[in-house]
Structure formats: structure tokens, C-alpha cells
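Every chain is numbered from 1, with letters handed out A, B, ... down the list of sequences.
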2 protein chains.
Amino acid sequence: MSKKIKITVDAVVFGYDQESGIRILLVKRKYEPFKGEWALPGGFILESENLEDAVERELYEETGVRINYLEQLYTFGKVDRDPRSRIISVAYFGLVNSNHYKDIRADTDAEDVDWIKIKDLPSLAFDHKVIIEKAVDRLRSKVRYEPIGFELLDSKFPFSDLEDLYGSLLDKPIDRRNFKKKFMSFGILTELNEFAPKKGAGRPGKLYQFDEAKYKARKENGLFFEI
Amino acid sequence: MSKKIKITVDAVVFGYDQESGIRILLVKRKYEPFKGEWALPGGFILESENLEDAVERELYEETGVRINYLEQLYTFGKVDRDPRSRIISVAYFGLVNSNHYKDIRADTDAEDVDWIKIKDLPSLAFDHKVIIEKAVDRLRSKVRYEPIGFELLDSKFPFSDLEDLYGSLLDKPIDRRNFKKKFMSFGILTELNEFAPKKGAGRPGKLYQFDEAKYKARKENGLFFEI
DNA sequence: GCAAAAGTGTTGGGCCTACACCCATGC
DNA sequence: GCATGGGTGTAGGCCCAACACTTTTGC
């Protein structure tokens, strides 16, 4: 029987900004095991709590972040993945607009909290490196067949932000004309009559907005989103 | 803390044959709760047992089936999914050649075991209906971008078996010429100089074999399998 | 010889890729 | 006026979908 087996949840939360690219929200552990090492936010689930609620609670407790997109990633259950005892972790994968959490501060349970570039990960507690690798794979593939990238951007964004995001996610240069043609052909973006705030030189870009209602409607009718 | 939370594994095992199409391996429960109802094979995991080992063990104990393809599907953890207590289930998704288990017999833990057509599912214990729906979705989409269908067929098969399988999985008629052209273009099938045993009228078909080594090699070189 | 299943090529259209110049703004 | 970033169209090739007749076998 599974009496002594415990369950945790862990969250791989992605953020994005132009300068740093894709980053992950990590906490520095305050307690043993792996005290002082970076780890994914997460923790034990309560007996009367759904898995998603546990993730959202732990995430908020440890980092102050409220997530806008969350999906289950994978369950990690190797016998020896935690030195304390048999602990199985249900990992989740989340997206937030990291501009809302620029100056993130450690809460009581963690020694430190920060956004860390995925190109630049430190060594991590437990099997969290493996979890992150899986999450990155998932993000990279999912973003190609579902329009989830918007969760990482402001709700109104210039088209170039989307280009940059996809370029950095897919890790290869994008043909701006083809990309725009294709993306617009899905008919899920609304072109606004507003312009991006000017930052330095260059022509200001028009702002766009993701229209989720339209996306859902087209999906019903067999739209294939694919980049 | 998660002291009182228990963990089970469940297996959605798919089989296939020409007459019945896609079927799932189910057991009729011998004990409460849901005594006498059909359910997925599965059960509690042992403290020193990896998740996959638990699935394989439970599956063998309850049905005598040894799986050849197994992957994790999803973890179901709604607070009230089990009337006994808080039980979280890690569901797996498996494929076997059901010809090897034509006359399957109930073992000690189950009242009955059988292959049930997915078009014809009875009511099921727990949230197993939801689990199966998720597994079916996964099978249908996965078979389009990874060559896993062979696990359901004999190791040597006439091309028409593959056609029929894909037709039944994707639930739409297949253009035989285009399908064959495309599939052969991946270069992962070996054409043998043997012919299928004759069953009734009709010209006997050549036998083919999946060449996993070739598949892996081509995958390294960026082969995109996609049907 | 007829019914059943296997084997086999070509063509047209649509989509994707490749590619370069002009425009609006800040300094 | 120059540097920076935004906006935009076309042509060629490739891939995919559509489509039907012949061959081999059992009865």
C-alpha cells in the first residue's frame, strides 16, 4: 500500500522579456535538503485540495505570483528522487507576463526568488533540471500548435513583440513577412488603432490584441493553428 | 501535509483488430467500491516501486498482459474522484498486440477481463471514462506524429493492415495510394519477400516490417514523421 | 468468369519559402 | 540626415489531394 508515499506539486513558470528572452521563476531553498540551492516553487498538497489549487497556492505563497495559464506537465515518481522519502511530484507548466512581476521578492518560505534565463540555469535541487527540460520541450512544441504565447506578452502588443517571442522560442530567425502573413491568416488577432509607446528611434508599431473568442469560434470550425 | 493521500496507477491499454477496431482492456471489479462495474486495470503503488513498474505489475496481476509500449498519460487528482478517500491516480497509456491475448481470462483480483470496443464503452467506475477519453485523444494525435501504430500490429504485416489501422484511428477514409506513398517516403518500413496468409478471396499482400533502427537514425537527422 | 483485395502514376492547385525596398520616427 | 525599427508583395517550387484501372487470387 502507498501509506508512506507523499505528494508534492512543482511549477515551471515561464516569463519572457525582450532583453532576457525566456526565463523561469525559481526559488532559493531556505531549508534542507538542498538548502541554498535553486529549485522550482512547489510543495506538499493538502488533503482536501485539488492539484491545480495546490500549485496556485504554493506559487503564491513562495513567490507572490498569480498564474494566468497553467497546465499539467508530467508526474515524476522515481523511487529515489527525493532524499527524504518516497515523494512523487506532479509538475505543472505555467505562463505569466513577467512584466507584472519585475521586482519579485522572496516570501517567508524561500531565501530568494528570481527569474532565471533558461540559457543560463544554475544547478538545481532534486530532479528539477529534468523537470525543466521537459517543460521547455513542451513549451517549444506547444507554442507551435496552440496560440498560448500571448500569455507571456502584454494584452496589447506590437507585432514585433510576437516575432521576437517566437524567434526566441523556436530559436531560429523568423522571416518577418511570412510570419505576419501566416499569423494574420488565422484571424485571431485584432489590429488596434493604437501605437506602441516609443522607445528610442524607429517607427512606432501598431498594437494588436489576441481575440480568444474568435480563436475558440474558429477552432470549432476546424481551424488549424500551426506555426 | 499529504499524509492521508494515497496514490494509484491506472492503465489504458489499447489493442486493435480488423473486425472490432480499437479496443481497450478493462476489468470487472470484484470488490467495492463499484463492485461489478468495468474499470481500468490498476491499483496502489508500492513504496519502493517506480510508477512504470507499478503499472506493469498491476496490469500483469489483473489481466496477464505484458505491455510493449507504455507512456505516462496524465495524473488525475480531483478531491472527490474516489469515494473511499483522497486518491490520486497516475494514468498510463499502453499499446499491445491484442492477437497475443485473444482469450484473456480474469485473474484473482478481478471478476472478469475483456477487450471492449471504444465505440461501445459501458459505464465505468470512478472517473475512468474521463481517463479513457484523454487516452483516446492522445492515441489519435500521437499516432500522427510518431510511428507507434506498429505496436498494435503483428511484427510482419500486410500494408493493408496499416491502412485499416490508420483509417480506424483517424476515423476517416484513407486514400490508399497517397497513404502508401507518404508512409514509404519515411523509409522506415522494410518490404519483405513474404506474403500474407490468404484469407478468402483476393490477391495476397506483401508483408512489411517496421525498422526501428532506421527510424531512430532518420529521426537524428531531422526526419519529420507526420501522417 | 466474377468477386474480392492488392498494386500502382499523374496532374493541378495551393501553400510555403525566399527575397528587398520604402516609411515613420528620434536624435 | 542618418540610424533604428516598422510595414509591405511576388514568383517559383514543392507537396498534397484527387482520381481509376490492372493484377492476382478463391470460389
Side-chain angles (χ1 to χ4, degrees), chain A residues 16-19 21 143-145 153-154 156-168 170-209 218 221-227, chain B residues 17-19 21 143-145 153-154 156-168 170-209 218 222-227:
Chain A
Y16 172 73
D17 82 71
Q18 227 86 343
E19 295 118 68
V143 85
R144 300 189 52 177
Y145 64 89
L153 302 178
D154 293 328
K156 300 174 181 183
F157 54 88
F159 207 85
S160 57
D161 276 17
L162 201 59
E163 282 168 25
D164 292 345
L165 172 62
Y166 272 80
S168 126
L170 307 181
D171 206 16
K172 62 172 184 188
I174 280 187
D175 181 293
R176 289 167 53 229
R177 281 179 283 191
N178 292 339
F179 181 78
K180 182 157 186 183
K181 228 181 308 167
K182 193 166 192 179
F183 220 110
M184 295 311 288
S185 76
F186 299 126
I188 57 177
L189 289 187
T190 309
E191 183 173 341
L192 304 174
N193 278 323
E194 303 170 50
F195 289 82
K198 295 148 193 173
K199 38 172 205 279
R203 175 174 174 175
K206 268 201 174 173
L207 292 179
Y208 291 80
Q209 206 168 188
R218 309 234 160 174
N221 301 332
L223 163 75
F224 279 127
F225 177 88
E226 186 164 2
I227 292 290
Chain B
D17 82 72
Q18 226 85 344
E19 294 117 70
V143 84
R144 299 189 52 178
Y145 64 88
L153 301 177
D154 293 327
K156 300 175 180 183
F157 54 87
F159 207 86
S160 56
D161 276 16
L162 200 61
E163 282 169 25
D164 291 345
L165 172 63
Y166 272 80
S168 130
L170 307 180
D171 208 14
K172 63 174 183 186
I174 282 188
D175 181 294
R176 290 170 52 232
R177 282 179 284 191
N178 291 340
F179 180 78
K180 182 156 186 183
K181 227 180 308 166
K182 194 165 192 179
F183 220 110
M184 294 312 287
S185 76
F186 299 127
I188 58 177
L189 289 188
T190 309
E191 183 174 341
L192 304 174
N193 278 323
E194 303 170 51
F195 289 83
K198 296 148 192 172
K199 36 175 208 277
R203 177 172 172 174
K206 267 201 175 173
L207 292 178
Y208 291 79
Q209 208 169 187
R218 310 233 159 177
L223 162 75
F224 278 128
F225 177 88
E226 186 164 3
I227 290 290

Chemist: In whole Å, what is the span from the NZ atom of Lys180(A) to the P atom of dG9(D)?
Modeler: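 That distance rounds to 10 Å.
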Chemist: Under the salt bridge (charged side-chain N to carboxylate O under 4.0 Å, His left out) definition, can you give me all pairs with a residue in residues 177-188 of chain A, not counting sequence neighbours?
Modeler: none
Chemist: Which residues, if any, of residues 193-201 of chain A bring a heavy atom under 4.0 Å of DNA chain C?
Modeler: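 Contacting residues: Lys198(A), Gly200(A), Ala201(A).
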Chemist: Going by side-chain contact (heavy atoms from CB on, under 4.5 Å), name the residues that satisfy it together with Lys156(B), two or more places apart in sequence or in a different chain.
Modeler: Leu192(B), Glu194(B), Leu207(B), Gln209(B)
Chemist: Can you pull the contact range of chain A along DNA chain C, 5' to 3', using atoms under 4.0 angstrom from its heavy atoms?
Modeler: dT17(C) to dG26(C)
Chemist: Can I get a per-line list of side-chain donor-acceptor pairs under 3.5 Å for residues 157-168 of chain A, giving both atom names and the distance, sequence neighbours left out?
Modeler:
{"residue": "Asp161(A)", "atom": "OD1", "partner": "Gln18(A)", "partner atom": "NE2", "Å": "3.1"}
{"residue": "Asp164(A)", "atom": "OD2", "partner": "Gln18(A)", "partner atom": "NE2", "Å": "2.7"}
{"residue": "Tyr166(A)", "atom": "OH", "partner": "Val143(A)", "partner atom": "O", "Å": "3.2"}

Chemist: For Asp171(B), check salt bridge (Lys or Arg N to Asp or Glu O under 4.0 Å) against everything at least two apart and list the hits.
Modeler: Lys119(B)
Chemist: So how far is it from Leu170(B) CG to Ile227(B) CD1, rounded to the nearest 0.5 Å?
Modeler: 8.5 Å
Chemist: Any N/O pairs under 3.5 Å between the protein and nucleotides 10-13 of chain D? List them or say none.
Modeler:
{"residue": "dT10(D)", "atom": "O4", "partner": "Lys181(A)", "partner atom": "NZ", "Å": "2.8"}

Chemist: Considering the terminal five base pairs at each end of the helix from dG1(C)-dC27(D) to dC27(C)-dG1(D), what angle separates the two local helix axes, rounded to 10°?
Modeler: 0°
Chemist: Using a cut-off of 6.0 Å, state whether more than 12 heavy atoms not belonging to Asn193(B) lie near its atom CG.
Modeler: no
Chemist: Would you kindly give the CZ-to-P distance between Phe179(A) and dT8(D), to the nearest whole Å?
Modeler: 15 Å
Chemist: Return the value, rounded to whole Å, for the distance between atom CG of Leu207(A) and atom C1' of dG6(D).
Modeler: 13 Å
Chemist: Could I get the full list of ring pair (Phe, Tyr, Trp, His ring centres under 6.0 Å) partners for Phe225(A), not counting sequence neighbours?
Modeler: Phe183(A), Phe186(A)
Chemist: Expressed in angstrom and rounded to an integer, what is the separation of Lys172(B) atom NZ from dA18(D) atom C1'?
Modeler: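 Taking atom C1' of dA18(D) as the reference, NZ of Lys172(B) is at 14 Å.
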Chemist: What pairs with Lys198(A) under salt bridge (Lys or Arg N to Asp or Glu O under 4.0 Å), at least two apart in sequence or on another chain?
Modeler: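 Not a single residue meets the salt bridge (Lys or Arg N to Asp or Glu O under 4.0 Å) criterion with Lys198(A).
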Chemist: Rounded to the nearest 0.5 Å, how far apart are CZ of Phe179(A) and CD1 of Ile174(A)?
Modeler: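 Between Phe179(A) CZ and Ile174(A) CD1, I get 4.5 Å after rounding to 0.5 Å.
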Chemist: Does dG5(D) have its OP1 or OP2 closer than 4.0 Å to a side-chain nitrogen or oxygen of Ser160(A)?
Modeler: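 For dG5(D), OP1/OP2 do not have a side-chain N/O of Ser160(A) under 4.0 Å.
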Chemist: Between the protein and nucleotides 20-23 of chain D, list every N/O to N/O distance that falls short of 3.5 Å.
Modeler:
{"residue": "dA20(D)", "atom": "N1", "partner": "Arg177(B)", "partner atom": "NH1", "Å": "3.3"}
{"residue": "dT23(D)", "atom": "O2", "partner": "Arg203(B)", "partner atom": "NH1", "Å": "3.2"}

